[in-house]
Amino acid sequence: MRIYNFEEGAPAVNADEIYMKEALKLAQKAYEEDEVPIGAVIVSQGKIIGKGYNLTERLNDVTAHAEMQAFTAAANFIGGKYLKDCTLYVTVEPCVMCAGASYWTQIPRIVYGAKDEKRGYQVFNPKIIHPKTQIVGGVLEQECGELMKRFFKSKR
């Protein structure tokens, strides 16, 4: 889907980039709170219905990943556990836990920014994603990856 700007000379904007920028804002918030800077939003019919960012340090909970927060918020918004008409936008490729949770939500589309070469689900088990789920990677990859690199560089 493209969103058009009718101002003279303005290019069309990709909807995936618009929503990934929203996820990046959440990742920046995580960064500012000294959490691993990953943000996620869930969109249904052009509206953000769930969002989250890593809260593992604040909550002292290894399961408090951005995607898990967003899944819970979206399920609460729609009043059901299945996210069949939704898209997950997340700044970094989901880990195995989050990919497994996405399977159970039956979300039909996942869009991520930066690939996680060490802990992304594809390293361990690419079949963990629901077989009907469409995966789109590399949306605003550089911006998403740079935030992660900056965070971990500050930890060394």
Side-chain angles (χ1 to χ4, degrees), residues 1 14-31 33-152 155:
M1 177 167 104
N14 185 315
D16 286 348
E17 290 179 7
I18 289 171
Y19 294 120
M20 188 62 73
K21 285 179 182 178
E22 293 301 313
L24 266 167
K25 289 177 188 175
L26 293 165
Q28 181 62 42
K29 189 171 182 177
Y31 181 91
E33 294 180 17
D34 205 31
E35 297 275 359
V36 175
I38 299 175
V41 298
I42 295 178
V43 175
S44 177
Q45 300 175 358
K47 180 178 179 182
I48 295 174
I49 63 165
K51 55 187 173 179
Y53 60 93
N54 274 1
L55 294 171
T56 58
E57 297 300 324
R58 181 195 304 173
L59 299 178
N60 198 29
D61 179 357
V62 297
T63 68
H65 288 196
E67 300 95 322
M68 303 300 269
Q69 304 300 314
F71 290 148
T72 300
N76 286 332
F77 181 85
I78 64 173
K81 60 186 177 180
Y82 299 118
L83 305 176
K84 291 185 177 187
D85 296 321
C86 300
T87 298
L88 167 67
Y89 293 89
V90 61
T91 56
V92 176
E93 174 189 354
C95 70
V96 173
M97 175 184 69
C98 295
S102 78
Y103 181 98
W104 295 109
T105 69
Q106 299 181 16
I107 200 160
R109 190 164 183 263
I110 298 173
V111 178
Y112 68 84
K115 192 165 187 60
D116 187 341
E117 302 286 345
K118 294 181 181 177
R119 293 184 177 84
Y121 80 92
Q122 293 180 71
V123 172
F124 297 101
N125 185 357
K127 293 181 180 179
I128 199 165
I129 296 286
H130 196 281
K132 293 182 179 178
T133 300
Q134 176 194 17
I135 305 295
V136 177
V139 175
L140 300 182
E141 182 175 15
Q142 185 171 353
E143 295 93 324
C144 295
E146 285 301 318
L147 187 57
M148 291 288 284
K149 287 176 188 170
R150 194 169 67 224
F151 177 79
F152 285 109
K155 296 295 178 189

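Numbers here simply count residues along the sequence, with the first being 1. As the structure is a computational prediction, the values presented were derived from the model and not from experiment.
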Would you find a donor on one side and an acceptor on the other, under 3.5 Å apart, between the side chain of E93 and the backbone of D116?
yes

Could you note down all residue pairs passing ring pair (Phe, Tyr, Trp, His ring centres under 6.0 Å) where residues 63-96 supplies at least one of them, sequence neighbours left out?
Y19-Y89

Please enumerate all residues that pass salt bridge (charged side-chain N to carboxylate O under 4.0 Å, His left out) together with E141, with sequence neighbours excluded.
none

Which heavy atom in M97 sits nearest to a heavy atom in V62, and how many Å separate them?
CE-O, 3.9 Å

Determine whether M68 and C98 make a side-chain contact, defined as any pair of heavy atoms from C-beta on separated by less than 4.5 Å.
yes

K81: what forms a salt bridge (charged side-chain N to carboxylate O under 4.0 Å, His left out) with it, not counting sequence neighbours?
none

Side chains of E57 and E33 in contact at under 4.5 Å (non-hydrogen atoms)
no

Can you run down the salt bridge (charged side-chain N to carboxylate O under 4.0 Å, His left out) pairs that involve residues 22-31, sequence neighbours left out, and say none if there aren't any?
E22-K25

For P37, does its backbone N or O pair with a side-chain atom of N54 as donor and acceptor, under 3.5 Å?
no

Flag yes if more than 12 heavy atoms outside R150 fall under 6.0 Å of its CZ atom; otherwise flag no.
yes

Between I135 and I129 the two heavy atoms that sit nearest each other are CD1-CG2, 3.8 Å

Is the shortest heavy-atom distance from the side chain of V41 to the side chain of L26 under 4.5 Å?
yes

Distance, nearest 0.5 Å, that separates CG of L55 from CD of Q69:
4.5 Å

Which heavy atom in C86 sits nearest to a heavy atom in S44, and how many Å separate them?
SG-CB, 3.8 Å

Closest non-hydrogen atom pair between A73 and G50, with its separation:
CB-CA, 3.8 Å

Heavy-atom pair with the smallest gap, counting every atom of C144 and T91:
CB-O, 3.2 Å

Does a sphere of radius 6.0 Å around CG in D61 hold more than 12 heavy atoms from other residues, nucleotides or ligands, not counting ones at 6.0 Å or beyond?
yes

How long is the gap from NZ on K132 to NZ on K84, to the nearest 0.5 Å?
8.5 Å

Does anything in residues 120-129 form a salt bridge (charged side-chain N to carboxylate O under 4.0 Å, His left out)? List the pairs, not counting sequence neighbours.
none

With a 4.5 Å limit on heavy-atom distance, are the side chains of E17 and L140 in contact?
yes

Strictly by ring pair (Phe, Tyr, Trp, His ring centres under 6.0 Å), give each pair with a member in residues 111-150 just once, sequence neighbours left out.
Y103-H130

Gap between atom CD1 of I42 and atom NZ of K51 - 0.5 Å precision:
12.5 Å

Which heavy atom of V136 sits nearest to which heavy atom of R109, and what is that distance?
CG2-NH2, 3.8 Å

Without swapping roles, check the side chain of E35 against the backbone of T56 for a donor-acceptor pair under 3.5 Å.
yes

So, do M148 and V36 sit near enough that their side-chain heavy atoms are less than 4.5 Å apart?
yes

Applying side-chain contact (heavy atoms from CB on, under 4.5 Å) to N125 and V96, what does each step give before you reach the verdict?
CA-CA 7 Å; N125 185 357; V96 173; 5.6 Å; no

